[in-house]
Amino acid sequence: MNISPNVGDGLAPRDTALQHKPRPLPLFLDLLRSETAASPERTVAALAGLKAYQEAERGPARRPAPIAAEVGRAKLLDYGGDGPAVIFVPSLINPPTILDLAENNSLLCWLSAQGVHPYLVDWGAPTADEAKMTIGDHVEGLLLPLIDALGEPAHLVGYCLGGTMAAAAAMLRPPLSLVTIAAPWHFDGFPDDARGGLKQLWESSEPAARDLGALPMEVLQTGFWKLDPARTVSKFEMFGRLDPKSDKARAFVALEDWANDGPPLSYGAGRELVEDLFCGNATGCGQWTVGGRIIDPALLPCPVLDIISSTDRIVPEATAARAGKVITLSQGHVGMVVGRRGRTALWEPLAQWLSQVQHRS
């Protein structure tokens with residue numbers, strides 16, 4: 001079988017490709033070529049799956065939840081429900097919608113019927129005058145004011161980097177309890193090659209990011225793909241074999257659209273993430289300060305639940321703070337939230353924790 005030297009020949013036309021996803025598409029095509037070089041049949045299958053993904057039907061966008069509070073570009077979205085307030089803090093990387101992915105797969109909507117009242121932070125996109133805004137500045141300047149604006153005691157739940165940020169907020173505004181989900185703290189727990197690769201990406205992109213005042217999400221996406229390049233490609237081979245109208249295919253499209261979306265990081269947040277956290281392990285070394293205080297999850301004045309995964313490739317188990325009570329799951333970084341076993345593994349234990357009256361101060 002002869003394969004065109006231009007692997008882009010098999011893609012959907014430019015006017016139909018959804019934002020040319022996956023982003024950055026040229027790098028994904030290079031990755032696809034290298035991962036399937038020994039098997040022309042795999043190259044064809046992966047390209048077919050990629051084209052099917054780009055051309056897949058998308059339903060109408062989900063209607064955003066009502067805004068409970070707004071601080072600058074950040075919003076606190078209200079998902080309703082009775083019971084204690086719970087503020088969910090997503091990562092700055094990728095949209096917050098992973099916690100409200102689809103009508104039939106929404107952690108927040110499910111929780112609103114389980115005796116708690118969830119709220120979701122939407123960070124918005126950094127503005128031109130926020131180039132120097134660090135991760136800590138996001139906590140001080142956006143998250144804490146949103147917590148204050150709610151005006152009632154609340155639990156804090158942080159996912160991924162949002163868990164790291166929620167720990168800082170909990171030190172400065174003690175909540176009813178803190179829950180971190182797949183949240184990195186000991187950044188020296190990431191594989192050395194992953195940290196080294198991210199450092200190289202940063203060094204090559206830093207001058208442009210500094211000029212732009214922002215770090216495009218495509219730079220970080222590149223780093224994520226390199227954590228597991230084989231799976232990054234093989235999942236499109238799998239998708240090409242699915243019935244496009246099946247529930248599994250629709251779930252794949254929704255998840256990939258989320259994973260390939262998101263605003264850039266401010267330059268300050270990108271610099272702090274790579275240089276201070278990934279390379280310097282400031283959090284794990286007890287050197288990360290926010291609001292003039294060193295942030296230490298072990299010293300938080302509230303109950304803490306740390307939910308980690310033994311199979312997480314994005315935030316390995318070794319990076320966890322392991323503060324307070326620890327629950328270890330077998331689902332991956334994203335699967336624990338939106339996978340078919342997520343409700344039993346994560347949603348239900350989380351709802352039980354949040355509804356326990358003894359967490360109230």
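Numbering of residues begins at 1 and proceeds along the displayed sequence. All values reported here derive from a predicted model rather than from experimental measurement.
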Quick one: does [X]'s side chain have a donor or acceptor within less than 3.5 Å of a partner on [Y]'s backbone?
X	Y	answer
Arg42	Thr36	no
Trp288	Ile294	no
Arg73	Trp123	yes
Thr180	Ala183	no
Ser266	Lys132	no
His117	Gly81	yes
Ser309	His333	no
Asp137	Thr134	yes

Who passes side-chain hydrogen bond (donor to acceptor under 3.5 Å, both in side chains) against [X], sequence neighbours left out?
X	result
Arg231	none
Arg293	none
Asp276	Arg271
Glu317	Arg322

Considering only distance and modelled atom types, tabulate donor-acceptor pairs under 3.5 Å from the side chains of residues 184-194, sequence neighbours left out.
unit_1, atom_1, unit_2, atom_2, d
Trp185, NE1, Thr283, O, 3.2
Asp188, OD2, Asn281, ND2, 3.4

Inset, instruction - Not counting sequence neighbours, which residues clear salt bridge (Lys or Arg N to Asp or Glu O under 4.0 Å) with Arg341? List them please. - result: none
Inset, instruction - Give a yes or no on whether Met165 and Val157 share a hydrophobic cluster (residues Ile, Leu, Val, Met, Phe, Trp, Tyr; joining criterion: side-chain heavy atoms under 4.5 Å apart). - result: no
Legend entry - Cluster link Val89 to Leu265, ILVMFWY, side chain under 4.5 Å: yes
Legend entry - Whichever hydrophobic residues join Val326 through chains of side-chain contacts under 4.5 Å: Ile308
For residues [X] and [Y], report the shortest heavy-atom separation together with the two atoms involved.
X	Y	answer
Ala321	Asp306	N-OD2, 3.6 Å
Asp312	Ala182	OD2-CB, 3.7 Å
Gln331	Ala345	OE1-CB, 3.2 Å
Gly280	Cys285	O-SG, 4.1 Å

Legend entry - Ile307/Leu346 under side chain to side chain contact (heavy atoms under 4.5 Å, CB included): CA gap, chis, key distance, verdict: CA-CA 8 Å; Ile307 301 175; Leu346 174 66; 3.5 Å; yes
Legend entry - Sub-6.0 Å ring centroid separation between His155 and Phe88: no
Legend entry - Ring centre gap for Tyr119 and Tyr79 strictly below 6.0 Å: no
[X], [atom1] atom: more than 12 neighbouring heavy atoms under 6.0 Å:
X	atom1	value
Lys199	NZ	no
Glu57	CD	no
Arg340	CZ	no

Reported [atom1]-to-[atom2] distance for the pair [X] and [Y], which is rounded to 0.5 angstrom:
X	Y	atom1	atom2	result
Leu350	Leu107	CG	CG	6.0 Å
Leu305	Trp353	CG	CH2	5.0 Å
Arg195	Leu277	CZ	CG	10.5 Å

Checking [X] now: which residues fulfil side-chain contact (heavy atoms from CB on, under 4.5 Å) with it, not counting sequence neighbours?
X	answer
Asp148	Arg173
Pro244	none
Arg241	Glu237, Met238

Kindly list each side-chain donor-acceptor pair under 3.5 angstrom involving residues 204-216, sequence neighbours excluded, with atom names and distances?
unit_1, atom_1, unit_2, atom_2, d
Ser204, OG, Gln200, O, 3.3
Ser204, OG, Leu201, O, 2.9
Ser205, OG, Leu201, O, 2.7
Glu206, OE1, Arg210, NH1, 2.6
Glu206, OE2, Arg210, NH1, 2.5
Glu206, OE2, Tyr267, OH, 2.6

Inset, instruction - Give the intermediate values and the outcome of side chain to side chain contact (heavy atoms under 4.5 Å, CB included) for residues His138 and Met133. - result: CA-CA 7 Å; His138 279 76; Met133 195 171 195; 3.7 Å; yes
Legend entry - Qualifying side chain to side chain donor-acceptor pair (under 3.5 Å) pairs, either residue in residues 103-116, two or more places apart: Asp100-Ser106
Legend entry - Residue that, paired with Asn260, satisfies side-chain hydrogen bond (donor to acceptor under 3.5 Å, both in side chains) out of Gln221, Lys21, Glu218, Arg23: Gln221
Inset, instruction - Let me know which of Val116, Leu99, Val86 forms a side chain to side chain contact (heavy atoms under 4.5 Å, CB included) with Leu111. - result: Val116
